[in-house]
Asks: 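The structure that follows is given in the form of structure tokens.
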Protein chains: 2
Amino acid sequence: MSVRRNSLSDRLRAAGLRLTNQRRIVIHLLENADRHLDAEKVFRLARRKDPNIHRATVYRTLSTFKKLGLVDELDLMHVSGDRHYYEIRPSTFHIHLICTGCGSVQEPGGSWWQEMKSRVYDETGFKPEIIRLEMSGLCKACRGEKSESPT
Amino acid sequence: MSVRRNSLSDRLRAAGLRLTNQRRIVIHLLENADRHLDAEKVFRLARRKDPNIHRATVYRTLSTFKKLGLVDELDLMHVSGDRHYYEIRPSTFHIHLICTGCGSVQEPGGSWWQEMKSRVYDETGFKPEIIRLEMSGLCKACRGEKSESPT
DNA sequence: CTAACTGCAAACCTTTTGCATTGAC
DNA sequence: GTCAATGCAAAAGGTTTGCAGTTAG
């Protein structure tokens with residue numbers, strides 16, 4: 001638990017980078033987000049804690065984190081625009097289920113994609129490092145509402 | 001069968017939209033592309049056939065096609081920048097294997113992801129319509145070349 | 001004929017960069 | 001103290017939009 005909580009800070013230090021207050025704020029936001037945040041949203045939330053934090057700093061911070069592999073950049077299939085979203089890189093790969101009805105994003109667990117990696121490797125010789133699997137469609141609730149939907 | 005080949009033009013007409021020469025050019029480019037094209041590349045290639053075609057027209061065309069579901073928009077995990085790529089929506093879902101070494105994109109065949117859809121549906125109640133599965137890593141050739149590489 | 005489409009130019013929005021200053025270690 | 005990181009402002013993509021003229025159906 002505490003391992004998880006401090007991972008970003010720790011790994012930042014481990015990479016020889018400095019833990020500034022601005023970065024602490026961004027880390028806190030990412031770690032406690034209840035949904036996926038795009039850069040602008042991170043910026044706006046960060047500014048509430050430090051009105052002087054600059055947009056460029058947030059972008060640089062997210063870029064740095066991404067290069068270090070601390071966060072992943074997603075676009076969630078552009079279902080809600082062309083923004084890019086950031087999430088802490090999970091220890092285990094997970095899917096994103098993006099509902100085109102309500103825009104909600106589910107991340108069901110499981111580990112059956114492990115076999116996808118080996119299947120791809122066996123069939124093509126390509127060695128997958130990072131997997132991104134997104135599915136858009138209708139969530140249970142939205143399907144319920146429009147029960148006359150096709151397919 | 002011929003339905004398939006002319007699908008873009010036909011479906012455009014079916015939607016009550018006009019098949020202009022500019023759109024014909026874009027369709028031709030997408031249908032005959034040997035790699036994934038971003039909007040700017042489509043524009044530059046289109047301009048070779050019609051030097052007067054305007055960038056905005058290409059963007060509008062791609063946007064229209066996307067809204068109609070004729071093409072899909074990809075970002076190929078931003079391995080080669082933040083551009084968006086367009087491909088004709090395939091009748092069968094396929095994976096993109098993006099090599100971080102040489103930037104090549106493979107699209108292996110197969111249909112084993114069908115079971116992913118049903119597995120997701122069974123486990124979560126979410127009904128996937130469009131699947132996007134991308135894996136970045138090293139292709140066979142690049143793995144061969146740098147056998148001493150870290151990563 | 002006329003609504004859809006295009007070319008043009010300017011605006012827009014998100015992200016990046018050069019530089020002087022600040023601050024973490 | 002030193003070098004990384006920040007704030008600032010300006011630029012740099014990439015994409016969109018209002019409008020007048022053109023064109024497919």
Side-chain angles (χ1 to χ4, degrees), chain A residues 6 8-29 36-68 70-71 73-76 78 80-86, chain B residues 6 8-27 29 36-68 70-71 73-76 78-86:
Chain A
N6 298 321
L8 256 66
S9 312
D10 290 348
R11 293 171 66 186
L12 198 61
R13 301 284 296 277
L17 298 178
R18 293 176 183 174
L19 184 56
T20 64
N21 196 49
Q22 290 90 334
R23 287 180 176 171
R24 237 187 297 261
I25 290 173
V26 171
I27 290 172
H28 181 81
L29 288 171
H36 293 90
L37 305 175
D38 61 79
E40 190 64 21
K41 196 133 221 159
V42 172
F43 169 58
R44 263 176 293 178
L45 291 172
R47 212 167 34 173
R48 287 200 217 162
K49 296 194 174 183
D50 173 3
N52 291 322
I53 194 169
H54 199 271
R55 180 179 276 105
T57 301
V58 171
Y59 277 97
R60 274 189 287 232
T61 299
L62 292 172
S63 173
T64 300
F65 287 2
K66 188 187 163 196
K67 275 179 198 133
L68 287 178
L70 302 182
V71 303
E73 188 182 1
L74 314 167
D75 62 19
L76 300 177
H78 306 296
S80 311
D82 276 356
R83 285 169 244 266
H84 292 164
Y85 301 85
Y86 296 87
Chain B
N6 300 321
L8 255 66
S9 311
D10 291 347
R11 292 171 66 186
L12 199 60
R13 300 283 295 278
L17 299 179
R18 294 178 182 175
L19 183 55
T20 64
N21 196 51
Q22 291 90 333
R23 287 180 176 171
R24 237 186 297 261
I25 290 173
V26 171
I27 290 172
L29 289 171
H36 292 90
L37 305 175
D38 60 78
E40 190 64 22
K41 195 131 220 160
V42 172
F43 168 58
R44 264 176 294 177
L45 291 172
R47 213 168 31 172
R48 289 201 216 163
K49 297 194 175 183
D50 173 3
N52 291 323
I53 196 171
H54 198 272
R55 179 179 277 105
T57 301
V58 171
Y59 277 96
R60 275 188 286 228
T61 299
L62 292 172
S63 174
T64 300
F65 287 2
K66 187 187 164 196
K67 273 176 200 135
L68 287 178
L70 303 183
V71 303
E73 187 182 2
L74 314 168
D75 63 17
L76 299 178
H78 305 297
V79 163
S80 311
D82 276 355
R83 286 169 243 265
H84 292 163
Y85 302 85
Y86 296 86

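Naming convention: chains lettered A, B, ... in sequence-line order (proteins, then strands); numbering from 1 in each chain. The shown structure was predicted, so the numbers you read here are calculated from the model rather than taken from an experiment.
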Asks: Please indicate whether B:K41 has more than 12 foreign heavy atoms, meaning atoms of other residues, nucleotides or ligands, lying under 6.0 Å from its NZ.
Replies: no
Asks: Have a look at A:R13 and say if it touches a base, only the backbone sugar-phosphate, or nothing, with a 4.0 Å heavy-atom cut-off.
Replies: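 Here A:R13 touches the backbone only, sparing every base.
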Asks: With a non-hydrogen cut-off below 4.0 angstrom, is A:N21 in contact with a base, only sugar-phosphate, or nothing?
Replies: nothing
Asks: Looking at OG of B:S63 and CG of B:L68, how far apart are the two atoms once the value is rounded to the nearest 0.5 Å?
Replies: 9.5 Å
Asks: Can you tell me the distance, in whole Å, between the CG atom of B:D50 and the P atom of D:dT22?
Replies: 15 Å
Asks: In whole angstrom, what separates A:D75's CG from C:dT14's P?
Replies: 15 Å
Asks: Are any of B:R60's side-chain N or O atoms less than 4.0 Å away from OP1 or OP2 of D:dT16?
Replies: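 Answer no for this pair, as no side-chain N or O of B:R60 is under 4.0 Å from OP1 or OP2.
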Asks: Name the closest nucleotide to the A:T61 side chain, picking from D:dT6, D:dG7, C:dA4.
Replies: D:dT6
Asks: Output yes when at least one side-chain N/O atom of B:Y59 is less than 4.0 Å from OP1 or OP2 of D:dT16, else no.
Replies: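 Indeed not, no polar side-chain atom of B:Y59 lies that close.
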Asks: Does B:R13 reach the main-chain N or O of B:L19 with its side chain, forming a donor-acceptor pair under 3.5 Å?
Replies: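 No; judged by distance alone, with no hydrogens or angles, the pair does not exist.
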Asks: NZ of A:K67 versus C1' of C:dT15: gap in Å, rounded?
Replies: 12 Å
Asks: Figure out the CZ/P separation between B:R23 and D:dG25, and round it to whole Å.
Replies: 10 Å
Asks: Assign each of A:V58 and B:A56 to its nearest nucleotide of DNA chain D by heavy atoms, then name whichever residue's nucleotide is nearer the 5' end.
Replies: A:V58
Asks: Does A:R18 contact D:dC3 through a side-chain donor or acceptor facing the base, at a distance under 3.5 Å?
Replies: yes
Asks: Less than 4.0 angstrom between a side-chain N/O of A:Q22 and OP1 or OP2 of C:dA24, yes or no?
Replies: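 No, A:Q22 has no side-chain N/O under 4.0 Å of OP1/OP2 on C:dA24.
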Asks: Heavy-atom count around B:R24 CZ within 6.0 Å, excluding the residue itself: above 12?
Replies: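 Atom CZ in B:R24 is crowded, with more than 12 foreign heavy atoms closer than 6.0 Å.
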Asks: Give the rounded distance in Å between these two atoms: OH of A:Y86 and C1' of C:dT14.
Replies: 10 Å
Asks: Would a distance-only check, ignoring hydrogens and angles, find a side-chain to backbone donor-acceptor pair under 3.5 Å from A:R55 to A:F43?
Replies: no
Asks: Mind checking B:D38 for me? I need base, sugar-phosphate or nothing, with any heavy atom below 4.0 Å counting as a touch.
Replies: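 Nothing, no nucleic acid heavy atom in range.
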Asks: Within the pair B:T20 and D:dA24, is there a side-chain N or O less than 4.0 Å away from OP1 or OP2?
Replies: no
Asks: Grab the CZ-C1' distance between B:F43 and C:dG7 for me, whole Å please.
Replies: 11 Å
Asks: If you compare all heavy atoms of B:Y85 against all heavy atoms of B:H36, which two are closest, and at what distance to 0.1 Å?
Replies: CD2-O, 3.6 Å
Asks: Nearest whole Å is fine: how far is D:dT2 C1' from A:L17 CG?
Replies: 16 Å
Asks: Students often get this wrong, so: under 4.0 angstrom with heavy atoms, is B:R55 touching a base, only sugar-phosphate, or nothing?
Replies: base
Asks: Return the nearest nucleotide to the side chain of A:R83; candidates are C:dT6, D:dG25, C:dT14.
Replies: C:dT14
Asks: For B:A39 and for A:H54, find the nucleotide of DNA chain D with the closest heavy atom, then tell me which residue's nucleotide is more 5'.
Replies: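 With B:A39 and A:H54 compared, the 5'-side residue is A:H54.
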Asks: Without decimals, in angstroms, what is the distance between B:R44 CZ and D:dT15 P?
Replies: 12 Å
